[in-house]
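Okay, so here's the structure we're looking at.
Note that the numbering runs from 1 along the sequence shown for the chain. Start at 1 and go down the list; that is how both ligands and their atoms are numbered. For clarity, every value in this text was computed on a predicted model and none was experimentally measured.
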Amino acid sequence: MEGDRIRELFLSFFEEREHKRVPSSSLIPPPESGLLLTNAGMNQFIPIFLGQAEPTYPRAVTAQKVMRTNDIENVGRDARHLTFFEMLGNFSFGDYFKADAIRWAHELVTEGYGIDHDLLWVTVFERDEASVEAWIELGGLAPERIVRRGLVDQFGEPANYWWTHAAGPAGPCSEIFVDRGAKYGPEGGPDVDEERFMEIWNLVFIQDRVDGERTVIEPLPSENVDTGSSLERVALVLQGVDNAFETDLLRPILEVAEALSGRTHGHDPADDVSLKVIAEHGRATTFLIADGVQPSNQGRGYILRRMLRRVVSHARRLGIERSVMDPLIDVVVDRFGEAYPELRANEALMRQVAGSEEERFARTLRQGLVLFEEAKDRAGEGRISGEDAFKLSDTFGFPVQLTEELAAEAGLAVDGDRFAELLEEQRGRARDAAKKVPIGLDTGAAPPSTFVGYDQLDADGTIVSLLDPEFRELQGAEEGEEVRVFLDRTPFYAEGGGQVGDRGLIRTPSGLIRVNDTVAAGDRSTVHSGVVESGEVRSGEEAHAVVDADRREATARAHTSTHVVHATLRELLGEHARQAGSLVEPGRLRFDFPHPSAVAQEQLQEAELIANRRLARDDAPSIFETSMEEAKRLGAVMLFGEKYGDTVRVVEIGDYSRELCGGTHVLRTGNIGVIRLLHEGSIGAGMRRVEALVGPDALREINAERTLLHDLVEAIGSNDPRSAIDHARKVIEENKRLRSELGKLQKGDRDALIASLVEDAQDVDGLALVVSEVPGEDASGLRELAQKVRDRLQGRPAAVVLGGGADGKAQLVAASTSEAVARGVTAPELLREAASVIGGGAGGKDILAMAGGRDASAISEALGGIPARARELLSAR
Ligand code: ATP
Ligand code: MG
């Protein structure tokens, strides 16, 4: 059965059983998940499981894009582990539980997929009798096919109690395994061999909330089901192939790697790993970029960068010199563009980002090879050190296998144990970093609040919780104390979608709080950070919240302007120039977008003009809520990091802009007044950034420019800006002419000096010897002089020794003609004693040597000894 059919079969099987088909969410997970990348189908439902969000449907089914970078080392080495894969899953939000989940899973596996019931094995959580019973009663499994497992398996790996690897929902689970036959390993079930008995599906019964260490904190308000089954593993089984790369999902990509390298899979184990890594990572990175991940040195950007580097270095290993990402993107878009339209929509971006990262890495790779050569020289006991191998892998993205192979060619080994140790240390650090909850607050426990600030700038409400800056509960707070305030209703906009959080005041019957910032905590909660300005405030009191209206207006002007500028730039530069990140502040905006080259000054001016014309049309933005499907149909611009949900907010301006946006906007574009584009520049790897000021803030900038112009005109000594340019050009011309004349004069001086030095040559036993002190010359000036004088004396035995001093240091230079060298008068020898006189040493080649010393007062003494030294050298022959 083809991959596409399996996916559709799964989705429609559960759709027929009243599950809502929900699209895959982005690989970039919501921040409150505490995860870097989406690693399971349930990620987008975390707020529902935690009881923080109401499900609008009790059952769902998805094919979710997931990334599991901790499986990266297994890619290409076993049959079944990938970093990126499609997770098929069905979900129940407090609706059905174990019995139905198990019954349906068994039905789909045996009747839908047609897998022989006798090949099935399952695991359950130790004391989960309800699941054991369901497997026997409803699935008809023999008790000896049901394996009980605890928190960890026999390798100490987490087993049948599932969590996301971060604080959040969790629960016992039951896994389904298929026996692939004696060809793949020994008898005995999954406890003996997981390559033969391969896990295809995990049914998780989400019922607890755990902390970041997998310790249960409390039961959840309801019992839920969350299952995950990778499409690739099911395809592997149904297509009867050896490994995931032989399925119709990955085979076409593997073939591209084969074609590029001219090698075929199945001949050489090391080549096979490289081919598979190229195919697998090529697909994973394409999906990551399409979801808006950009290569960088931290977080998910670093994961992307490392994976792109692994693709390129494995390609080099196979002798591929040309760009590989381009053809890989072709096949991935071709194969998956239908199921994941974001691939088609972002094709230009994907090529741009992958291409420039590949190019950049090709340079790094060349540098890495240099480091490898050094590491080879350092290698003790025939081994490259673990430190060097680690540095090559960490800094230059050299897979350790590549280092090992390069080393083997040179007859060396690599200290793999030390390498593994360093890698483990680094992983530990990464794990610790991943555990930090961003906001220092348990967002799951934060009280919910209703946002009323789209149409109101003040509102009455109640302080439902008052915390100190470390998020400890307070009963009350007095003047001067810093507080975090939660209101049941608030007009304050919490930072989001690039727009800064509101500031303002919260008044209670007995006190006043000045709010300095507003941020979101989880999906439904808002934290106001501020200081008690007067009186005292208490938890539970009524409060009147007032947003700083001027600041909010200036921010709204900037936000609407961002949409206008965005639409305008996309029109002028092309569809690919999609906003990839933005900052919206009072009166000022900044946004980033992919574009291969600098935006020309004229284009920027044209964009500014068009944008301002649009403002003058004084359109009233129309803002409405609709379904995601409808918004897509309308062609609304979806930005990266938007959460896919059922209802979205669309902001439409005139006939030119339609975006999904949760921000605040002006009532009419005329309110903005004017947009001034400040500058545009590169922020690395094909990404550009523009900044702009709007409204009165733009005028301030225009005035500042006017003042600058005025000062400039004055400094040039002109009184009219129009004639100032001519004036400045004339001054610059004049300056050039004067410089060149000065140069000629100086050169004349130097030529005269050279001539007189040549003239002064004395004869020392047939050697023309020039010895002179030339004060005020630095080392390079002296060297140049000495060479020129020597060149004039070329063709006969001649030598020049010049001495000088700058900044209290002594400098000597000697130059000999080849005829002099032939007679034993080499430059370093000539200088040897003189050098020690000035307190230094001589060095250089036979025809040119230099010496530097600390004793400038000894220069004449040093030069005085040169003729005698020359005589000595001549007579030594
Ligand atoms: P395994 O023990 O095989 O590594 P897991 O226990 O990590 O799997 P779960 O977290 O239970 O897997 O994920 C659910 C399903 O996802 C598995 O049943 C399997 O079908 C699939 N799966 C897990 N990891 C991978 C991977 N790296 N590549 C492909 N499929 C995977
Ligand atoms: Mg498992």
Are any of the N/O atoms in S229 less than 3.5 Å from those in ligand 1? no

Kindly confirm or rule out an N or O of M87 lying under 3.5 angstrom from an N or O of ligand 1.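 No; the residue has no nitrogen or oxygen that sits under 3.5 Å from a nitrogen or oxygen of the ligand.
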
Between H19 and Y96, is the ring centroid distance below 6.0 Å?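 Here the rings of Y96 and H19 have centres that are less than 6.0 Å from each other.
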
Would you confirm whether the ring centroid of W104 sits within less than 6.0 angstrom of the ring centroid of H106?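 No.
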
For atom 3 (O) of ligand 1, which candidate among E194, R233, M198 holds the nearest heavy atom? R233

Among E280, H165, R68, closest by heavy atom to atom 10 (O) of ligand 1 is R68

Please determine if R7 forms a cation-pi arrangement with F10, meaning its NZ or CZ atom is less than 6.0 Å from the six-membered ring centre and no more than 45° off the ring axis.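 Not flagged: R7 not positioned over aromatic ring of F10.
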
Only pairs at least two apart or in different chains count here, so list each side chain to side chain donor-acceptor pair (under 3.5 Å) that has a residue in residues 139-148.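 Found E129-R148.
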
Please identify which atoms of ligand 1 are closer than 4.0 Å to at least one heavy atom of [X].
{"X": "F85", "result": "16 (O), 21 (C), 22 (N), 23 (C), 24 (N), 25 (C), 26 (C), 27 (N), 28 (N), 29 (C), 30 (N), 31 (C)"}
{"X": "W201", "result": "18 (O)"}
{"X": "I200", "result": "18 (O), 20 (O)"}
{"X": "D71", "result": "24 (N), 26 (C), 27 (N)"}

List the residues meeting ring pair (Phe, Tyr, Trp, His ring centres under 6.0 Å) with F93, not counting sequence neighbours, and say none if there are none. F45, F49

Does E232 reach ligand 1, in the sense of a heavy atom lying below 4.0 Å from it?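 No, E232 has no heavy atom closer than 4.0 Å to ligand 1.
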
Check the side chains of Y184 and D242 for a donor-acceptor pair under 3.5 angstrom, ignoring hydrogens and angles.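 Short answer, yes.
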
Under a 3.5 Å threshold, yes or no: a donor from one side chain and an acceptor from the other, between R149 and T123?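 On atom types as modelled, these side chains do not qualify, holding no pair under 3.5 Å.
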
